[in-house]
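These notes are about the structure you will find just below.
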There are 2 protein chains.
Amino acid sequence: MARATLESVARHAAVSRQTVSNALNAPHLVHPDTLTRVRAAISELNYRPHHAARTLRTRRSQLVGARIEPWRDGVNGAVLDRFLQSLTARAQARGQRILLFTAEDDEQECAHYEDLLSGLDLDAFVLHGTHADDRRTAWLAQRRVPFVTFGRPWGSTGTHGWVDVDGAEGTRAATRHLVAAGHRRIAFLGWPEGSEVGDDRRSGWADLALAAGLEVRPGYDAGVADGLGTGRAAAAAMLDLEVPPTAIVCASDSLALGAWTELTARGLRPGADVAVVGFDDSTTAAVVGLSSVAQPLDDAAAACLRMLHDVLETDRPRGGRADGTDGPPEGGRPGPPDPVLLSPQLVVRASG
Amino acid sequence: MARATLESVARHAAVSRQTVSNALNAPHLVHPDTLTRVRAAISELNYRPHHAARTLRTRRSQLVGARIEPWRDGVNGAVLDRFLQSLTARAQARGQRILLFTAEDDEQECAHYEDLLSGLDLDAFVLHGTHADDRRTAWLAQRRVPFVTFGRPWGSTGTHGWVDVDGAEGTRAATRHLVAAGHRRIAFLGWPEGSEVGDDRRSGWADLALAAGLEVRPGYDAGVADGLGTGRAAAAAMLDLEVPPTAIVCASDSLALGAWTELTARGLRPGADVAVVGFDDSTTAAVVGLSSVAQPLDDAAAACLRMLHDVLETDRPRGGRADGTDGPPEGGRPGPPDPVLLSPQLVVRASG
DNA sequence: AACGGTCATTGGAGCGTTCAAATCAGTCTT
DNA sequence: AAGACTGATTTGAACGCTCCAATGACCGTT
């Protein structure tokens, strides 16, 4: 059976093409009686609008691009996966779809934007892993491409909408929990200074250590590249201190699991002997019983799409038509939407 | 700057629309001289074909649908993530894109097919997680929708192309490795009988146990629901046997990690005291040093797309290209492509 | 009865592309 | 030298949809 088109539905309901179109896209314009008649015809013929045709006309594809990361060292990779999963589900509920692409670095990612925009005309992008001087956001902003980022515009002039999770709040909660459990010597095992996310997470620990008057000794604040091996070595160094910490707050589950490994190798029980708290609530953390700070990824995905919706709504005309009639000046371009900063949640397990 | 169209490129190169189109899609039809001229114009104007317009005309979207799974219990979820990552990269290299969707169950998935096909006209689907009497494959096959599955058509009449990893081969390799290491009492910890994948993995162990004349005692073959807790309990039961096994081959990393947890809780060292081998090579396995059977997911993704290409090629909705080079002899509907069965690889770590 | 005004509906045009058929020049055949 | 053939290119139409301007029908007001 040939697929139904607007035309065939219109004939079947004895109205014009346009009326059917209106019944679909602007129901308030059509008379209630005809509306029901048209709707009956639609369901009877099992009609669905042809996406490509609509896109061609409206310049709106309902497609949102997202980058899927190459498989990194491992433990933390699942965060993106969970985010994508939520993003897909949320987008689907809104009648949008998520289109995947990969890129090795930011520059390549921009090249893909170019391809995807001019070839496939996506409506928008959801970026993640923002950092200072992110050329991707600059690229997109310059071309007026709608996008939001999962991750705040670290340092730079954030002229775009973003959603992020408050890392400092997470480590603060972790530290507060450890203080409540009686710990006084709480160390931080994070990344080298200069990484925005890392510094943010460190600051939460530092804040609370200061506020609670904790005993912060030299060597209680380590910064190493992310990884199990590096985490383990750094933890070993801490444990070898003259007065070792009784608890370690970590910037990632990788580091925390490194520390965890070192503890068990020394015959120390995580939690009972030395407490360890990770970050991101990876599945591995759940398996070995590592307390960890969980990001509300589903909320983040929902917030991203809500924000994207607003951006798309206020930014309708994209790219001037060739006929000279550029869109109405509309006064000043409305500012970016209000950013959203979500609080993570500490998941307490055996390790602390 | 308004975007370039075929028309504007044509004017710029002083040829007709169609010639530009041919330069792109059927270069052999156009004179070498004009070809270079047109190509110059294309790159000068930075022209990219408009995807929606092309789709509208050709009924080919270059979009492939794939389902992303809701977040399951955890450890094994990453397999799909890695598969998707590879699939995206491979599709990208072929000029195709992966479109995500989610569904709670097979029935819902079929409903989404309907939506995606009639609304968005995807070209094809890549399914995963096939099982006996899979209504999804029946649904798609009946409607002549091109698709391939990652996972063989267990039991049912496989009239479609599929790619799978030989699970039995994996457990066979694991068992063989343990035998070579001197083990004689090797148990299998898997899922209850009736799950196709589980039975397949069990059979590899059973095969080799028989062939090598291993000492298989009652209680050496357990079948429990996948999970850490269940795996741990089942392992405990095995270790409590009068003559416990010295090694355990598992159907999943979840189960293996459960066993691993039980071992360490008893003060036994995995590998040194009792060997454990998992399946799927999850990141958690890598972290804790668990040997595991790794699936060649990147190869699988590549094979899926290669196969999909063949299916799309032989199943053109509107006759072949006009370029004469029409490949297949056109003799009736060609059968499904030859299935691909890949061998997994055992990754040996501390646990065995 | 003629007038503006709102509501419901319609037909034509066009989005950018490819398909099918037509054109036109040049070459080979008889 | 006229016809048939090949190769390179062009023209008109169509894909299914939405935008835009225009048409009627119906209303209350003069």
Side-chain angles (χ1 to χ4, degrees), chain A residues 2-11 13-38 41-42 45 47-62 117-121 316-323 325 327, chain B residues 2-38 41-42 45 47-62 117-121 316-324:
Chain A
R3 70 172 281 149
T5 72
L6 268 193
E7 192 70 48
S8 65
V9 174
R11 269 199 309 274
V15 292
S16 74
R17 228 177 345 154
Q18 183 61 33
T19 301
V20 181
S21 174
N22 285 338
L24 248 44
N25 304 312
H28 61 279
L29 287 181
V30 20
H31 192 88
D33 292 352
T34 29
L35 192 56
T36 56
R37 192 152 42 98
V38 169
I42 286 176
L45 297 183
Y47 166 78
R48 315 278 169 110
H50 192 287
H51 184 78
R54 174 178 279 176
T55 299
L56 178 58
R57 193 62 174 108
T58 61
R59 321 239 120 186
R60 270 285 208 281
S61 63
Q62 309 292 9
L117 285 169
S118 50
L120 208 56
D121 37 16
R316 278 235 165 256
R318 209 183 83 213
R321 231 6 316 106
D323 59 6
T325 64
Chain B
R3 74 173 278 148
T5 72
L6 269 191
E7 193 69 49
S8 64
V9 174
R11 267 199 309 275
H12 196 263
V15 291
S16 73
R17 231 177 342 157
Q18 184 62 29
T19 300
V20 182
S21 174
N22 285 338
L24 247 44
N25 304 312
H28 62 280
L29 287 181
V30 8
H31 192 92
D33 293 351
T34 28
L35 191 57
T36 56
R37 192 152 40 97
V38 169
I42 286 176
L45 298 184
Y47 166 79
R48 317 276 170 110
H50 192 287
H51 184 79
R54 175 177 277 178
T55 300
L56 177 60
R57 194 61 175 115
T58 62
R59 318 249 130 176
R60 269 287 211 278
S61 64
Q62 309 292 9
L117 286 169
S118 49
L120 208 57
D121 38 15
R316 288 210 170 269
R318 280 202 192 279
R321 268 245 94 53
D323 62 2

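Chain identifiers are assigned alphabetically (A, B, ...) following the order of the sequence lines, protein sequences preceding nucleic acid strands; residue numbering begins at 1 within each chain.
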Could you check how far CD of A:E7 sits from P of C:dG12, rounded to whole Å? 12 Å
Out of D:dA8, D:dC17, D:dC20, minimum distance to the side chain of A:H50 belongs to D:dC17
Test log, rule side chain to side chain contact (heavy atoms under 4.5 Å, CB included), inputs B:V15 and B:H31: CA-CA 12 Å; B:V15 291; B:H31 192 92; over 6 Å; no
Looking at A:R59, I'd like to know whether one of its side-chain N or O atoms comes within less than 4.0 Å of OP1 or OP2 on C:dG16. yes
Mind calculating the distance between CG (A:L6) and P (C:dG11) to the nearest angstrom? 14 Å
Heavy atoms only, 4.0 Å cut-off, all strands: where does A:T55 land among base, sugar-phosphate and nothing? nothing
Between atom CG in B:L29 and atom P in D:dT10, what is the gap in whole Å? 13 Å
Presence of B:S21 side-chain N/O under 4.0 Å of C:dT18 phosphate oxygens OP1/OP2: yes
Give the nucleotide from the list D:dT9, C:dA8, C:dT17 with an atom nearest to the side chain of B:T34. D:dT9
With heavy-atom distances below 4.5 Å as the criterion, would you say the side chains of B:P32 and B:T36 are in contact? no
Distance below 4.0 Å between B:T5 side-chain N/O and C:dG16 OP1 or OP2: no
Taking all atoms of both residues into account, what is the closest heavy-atom pair of A:V9 and A:L45, and its distance? CA-CD1, 3.8 Å
Grab the CZ-C1' distance between A:R11 and D:dG16 for me, whole Å please. 13 Å
Rounded to whole Å, how long is the line connecting atom NE2 of B:H51 with atom P of C:dG16? 15 Å
Worked check of side chain to side chain contact (heavy atoms under 4.5 Å, CB included) between A:R59 and A:R54: CA-CA 8 Å; A:R59 321 239 120 186; A:R54 174 178 279 176; over 6 Å; no
Output the single nucleotide from D:dT11, D:dC19, C:dA8 whose closest atom is nearest the side chain of A:H31. C:dA8
Expressed in angstrom and rounded to an integer, what is the separation of A:I42 atom CD1 from D:dC17 atom P? 10 Å
Selected nucleotide, minimal atom distance to A:N25 side chain, candidates C:dC19, D:dT18, C:dT17: D:dT18
With hydrogens left out and only the distance checked, is there a donor-acceptor pair under 3.5 Å joining B:R57's side chain and the base of C:dT18? yes
Listed nucleotide nearest any side-chain atom of A:L56, set C:dT9, C:dG16, D:dT11: C:dG16
Under 3.5 Å, is there a donor-acceptor pair between the A:N22 and A:R17 side chains? no
Over how many whole Å does the gap from B:R3 atom CZ to C:dT17 atom C1' extend? 11 Å
Student check: side-chain heavy atoms of A:L24 and A:I42 closer than 4.5 Å: yes
Kindly say whether, by distance alone, the side chain of A:R17 makes a donor-acceptor pair under 3.5 Å with the base of D:dT18? yes
Hey, does B:T19 reach any base, or is it just sugar-phosphate, or nothing, if we go heavy atoms under 4.0 Å? base
Taking OP1 and OP2 of C:dT17, is either one under 4.0 Å from a side-chain nitrogen or oxygen of B:T58? no
Can you tell me how far C1' of C:dG16 sits from CZ of A:R54, to the nearest Å? 18 Å
